[in-house]
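Notes to accompany the following structure.
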Amino acid sequence: MPQDVDFIARPPQELIGDLNEQQAQAVQYRGPALLIGAGAGSGKTRVLTRRIAWILTQFGAWPSQVLAITFTNKAAAEMRERLGALIGGVADRMWVSTFHSACVRILRRDGEQIGLKSGFTIYDTADCERLIKLVCADFNIDIKRFTPRSILARISDYKNQLTDASTALAQYAPDFKPGMRHYSFGQIGDPEPVYAVVYAEYQYRLALANAVDFDDLIVRTVELLRTQPHVAEYYRHKFRYILVDEYQDTNHAQYVLVRELAGVDAHEPSDPMATEAGKSGPAWVTVVGDSDQSIYAFRGADIRNIQDFEKDFPDARTIMLEQNYRSTQTILDAANAVIAHNSARKPKKLWTALGEGDKIIGYAADTAQLEAHWIAQQILHLHEEKGLPYSDMAIMYRANAQSRSLEEGLIQAHIPYQLIGGTKFYERREVKDAIAYLQAIVNPADDINMRRILNVPKRGLGTRAESQLTLFANEHNQTFWWAIEQLEDIEGMSARTANAVRAFRELMTSLRTFAGEHDSKPSEIVAQVLEQSHMLELLRKSEDPQDESRVENLSQLQSVAAEFEQNTPDTTLAGFLETTALVADSDQLPGEGHDSGKVTLMTLHTAKGLEYPIVFLTGMEQGTFPHSRAMENMDELSEERRLAYVGITRAKRRLYLTRAAVRAQWGRQSEMMPSQFLDEIPDSLIDWKRREAGMERMRSGWRNDGFDDGFSDEFGGWDDGDSDYGAGSYGRSSYGSSGRSRTSSGSAFGSHAYGSSGTASNAAAGTGWGSAATFKSSSGQTAYGSGSYSSGRSRGSGSSTGAYGAHRSHGGSSSSRSSASRSGAVHTRHTTAKTPQSQGMPISQIAADNDLNIADFHVGDRITHDRFGLGKVVQTQDKGKNSVITVDFGSTGVKRLMLRLAPIEKL
DNA sequence: AGACATGGTTTTTTT
DNA sequence: AACCATGTCT
């Protein structure tokens, strides 16, 4: 192999020369099973990639013999990239992928043998829920008592344990057979028969639809390997080296999968003295993980996998990496202190040579809004005074819902940010609809998706028509599409309905024909779907302001498809659908070293594996973090603590811990106690800029001598050494005006200036720093009551909400989220310019309904926008059809606009 | 059939 | 506050 030459020649020293002793050992270790216990920041990925390179160069393995498994696509891509840099293009011939995509690949190749026809559909959670609801409806199961979620959770448990439906049935409902329409559950007390029956029926219907859910990808691959010896044999001999990243996050099914692939239980003889994994015997397995970072037990991750590795894999060896290269000693001390509170843990201490570093900075805000505001000010300070790029900073939180107030704080401060996670692009309704079309085209047996689009867009086929078709299909034990095909045989259907169904049938037939002829051009199929279904046309005509962004999302979908087309050698529509099904939140993060110029917001879970010089860990409150649902149970609390450990160790140089004394929770304001994790960090490590919220201080009595002291405590002592901002002026003007625009003149205690309007219930969010203002006037109870922040959300500064880079990216291109969708700002519908050519061409062209060219726009140009008025161009991004310009509309805010869609004119 | 209103439920975290 | 399911009215 010609390509092999250039890496075989690589001197070994290059691979280990710059590593520490343990790292070097881990890279070089020769043996059938290796566990690398890699503490946070200990160079795990580095070791892993070097080890792969080592295996190739020093063990003489072929790239095709290596299987490297990660949990996210992004991690896989990063590893592939690093390997490419290390050993060149041969990296492309290795399997470096996630569990899920590796399984898809295997199932696409060999799934036929367990009844999976090619082109099978992967259901996402929403699809699964629909299916569960259908099943529940058939069995008269009360979905209030058994929520689809809880049922799916139970099914997922079963699957993670590799318990199949027939086993579950045998135990709890032995007389049930899948496909039966009814089942009488004996006693209502026991939920298990319900779960078992729904599980079995669900599985049965998945099979009918030629579909699988996420868990099935793993489970069915295991099934394939276990029931088809020749397939198992093939993969066992193919993969001689298997490496698994984030091993602490594997569930039982994944653990078994690794064992099956490696052939650990195949009992093939192997040479105990072997210096490489030979041609036979089990593959050599390397797993990397850190039990202190196990944060996915809720989805079945079994920490025992890593704890028992040495018992489970014969002749296993463990190498611990405990030197941290990421963080300061202060940060590590905090992390170590917190995690030490977990019992039943192998003691382990990370250390660093980076020195003590800055203290952790703590801040207790009165409300979540003020917490956000304070953070925004810190970020501005770091950016403007200290010259730190925004992309060096990240804000993390326990749950996605917390992002709202943080986003608002950043928007007010005009700080660009990117939000990772939340509702995914592919989960947006209109995108999901379009994808449903594609799924239904590829796999007509897919009832869920077929039914989804039956009346999307509206074509007069409501519940009546749907149930008639369903009934007919069920009677004949056939699919929904089959019923549509046999439409003429259905009795009792009105002529009008029949005609509508016929039209749908023709639409789908036509689309399928087109798709068949253009399988390698998903983007054209997408265009065709959007057009023939009239989805796009209707959205364009719509009066609903949200539909504007829907149009944009759909065109984005087409762009994603086009991009996929360009980057994939053997493009197929099914292949495209696969990638859309398996994207993760973290996949939208820009690659390393890529300066996005934005502050990053994400959940702690998403943050795992990442690092930032500056990290804000927010919402450090009991009930928020640790989450209220995880506080009672010791195991869950331990997991929360590990999550805290993960969060703390994301910080390289400086860590901020913030909390709010009052936080809105499901519509209500609640008072929040400080997180216990704060108490678990030695006080000496934290420099509290504000230790208690105003209310708390009031409760505990004035600490020293009254208000003035409280004030200086509030705003004094902000200097972090070299800063000259702060004290009075900063605090007063910004705080006083946080409800509306920053320039509005509020007195320092101006919270009630525009506050008194609200009623207690919805205005309680409290702007300004309620503390001082209310201390004076009120005697306690409603201390935080009088602001009107909630209404300030979209007022005053108009529709500026959401403008700043509030976009999510996919595959390198970006989709901007309309400000309307989240802010609730009401936009007057702008009348789109007529699109004369809106028939018969891809939307990328249709959508280009203004003849603007990105090349004509330059930073500083002045433009006018139909809705936003005058603006100045701040930035242009040439992405061809998807070019984006960023425009500052002054008081209206800064907007990112997709050029071809923007109703703008150059001045 | 579909638009609209009402009311109850909801949030952990994600491949 | 936002979402969904159900119910009512046109």
Side-chain angles (χ1 to χ4, degrees), chain A residues 69-76 97-104 122-126 128-130 133 137 142-144 147-149 152-153 156 159-160 212-218 246 249-251 253-254 294-301 396-405 420-424 426-427 429 455 457-466 494 496-497 500 544 581-587 602-608 619 623-631 636 639-640 642-644 646-647 664-669 761-762 765 790-791 793 821-824:
Chain A
I69 297 176
T70 61
F71 266 83
T72 65
N73 296 309
K74 177 168 179 275
S97 66
T98 65
F99 268 109
H100 295 271
S101 47
C103 287
V104 169
I122 302 166
Y123 278 0
D124 70 8
T125 317
C128 297
E129 260 181 46
R130 284 163 89 81
K133 280 183 198 162
D142 177 11
I143 60 167
K144 296 259 158 78
T147 64
R149 266 191 87 134
L152 276 171
S156 187
K159 291 187 176 179
N160 289 336
V212 295
D213 63 20
F214 281 134
D215 295 327
D216 279 340
L217 290 173
I218 314 292
E246 307 283 13
D249 289 333
T250 52
N251 61 36
Q254 288 162 333
S294 160
I295 54 173
Y296 283 107
F298 70 91
R299 70 169 193 218
M396 300 172 190
Y397 36 84
R398 175 67 240 265
N400 276 307
Q402 289 166 253
S403 70
R404 274 168 176 68
S405 52
I420 311 296
T423 309
K424 282 182 223 154
Y426 294 110
E427 284 167 4
R429 197 187 65 200
N455 200 31
K458 301 251 182 295
R459 49 175 75 89
L461 294 170
T463 41
R464 185 77 218 278
E466 187 180 335
S494 72
R496 193 209 300 209
T497 305
D544 185 342
L582 296 177
V583 288
D585 282 337
S586 55
D587 297 339
M602 68 195 136
T603 65
L604 288 161
H605 282 86
T606 308
K608 188 163 76 148
T624 305
F625 187 33
H627 192 273
S628 51
R629 309 249 306 234
M631 275 165 44
E636 287 180 79
E639 176 142 318
E640 296 287 302
R642 289 192 292 270
L643 195 54
V646 167
Q665 270 182 333
W666 59 98
R668 258 211 189 75
Q669 302 297 126
S761 70
N762 81 352
S790 54
S791 67
R793 191 140 149 165
S821 65
R822 183 175 271 200
S823 70

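Protein chains get the first letters and strands the later ones, always in sequence-line order, with residue 1 at the start of each. None of these values were measured; they are calculated from a predicted model.
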Winner on side-chain proximity to A:A465, out of B:dT14, B:dG2, B:dA1, is B:dA1
Among the nucleotides B:dT12, C:dA5, B:dT13, whichever has the atom closest to the side chain of A:N400 is B:dT13
Partner of A:Y426 under side chain to side chain contact (heavy atoms under 4.5 Å, CB included), picked from A:D124, A:L582, A:V583, is A:V583
Rounded distance in Å - [atom1] ([X]) to [atom2] ([N]):
| X | N | atom1 | atom2 | answer |
| --- | --- | --- | --- | --- |
| A:F99 | B:dT14 | CZ | C1' | 15 Å |
| A:I69 | B:dT15 | CD1 | P | 16 Å |
| A:F71 | B:dT13 | CZ | P | 19 Å |
| A:R668 | B:dT11 | CZ | P | 17 Å |

Any salt bridge linking A:E640 with A:R398? Criterion: basic side-chain nitrogen under 4.0 Å from a carboxylate oxygen.
yes
Here the gap from A:E246 atom CD to A:I69 atom CD1, rounded to the nearest 0.5 Å, amounts to 13.0 Å
Of A:A399 and A:R459, the one whose closest nucleotide on DNA chain B sits nearer the 5' end is A:R459
Nearest-nucleotide check on DNA chain B, A:T463 vs A:T147; residue mapping nearer the 5' end is A:T463
If you define the side chain from C-beta out and look only at heavy atoms, does anything of A:H605 sit under 4.5 Å from A:Y296? yes
**Report entry** B:dT13 and C:dC4, which share atom name C1', separated by this distance in whole Å
**Finding:** 22 Å
| request: Select base, sugar-phosphate, or nothing to describe what A:T606 touches, counting heavy atoms under 4.0 Å on all strands. | output: sugar-phosphate
Looking at A:R398 and B:dT13, is any side-chain donor or acceptor paired with a base atom of the opposite kind under 3.5 Å?
yes
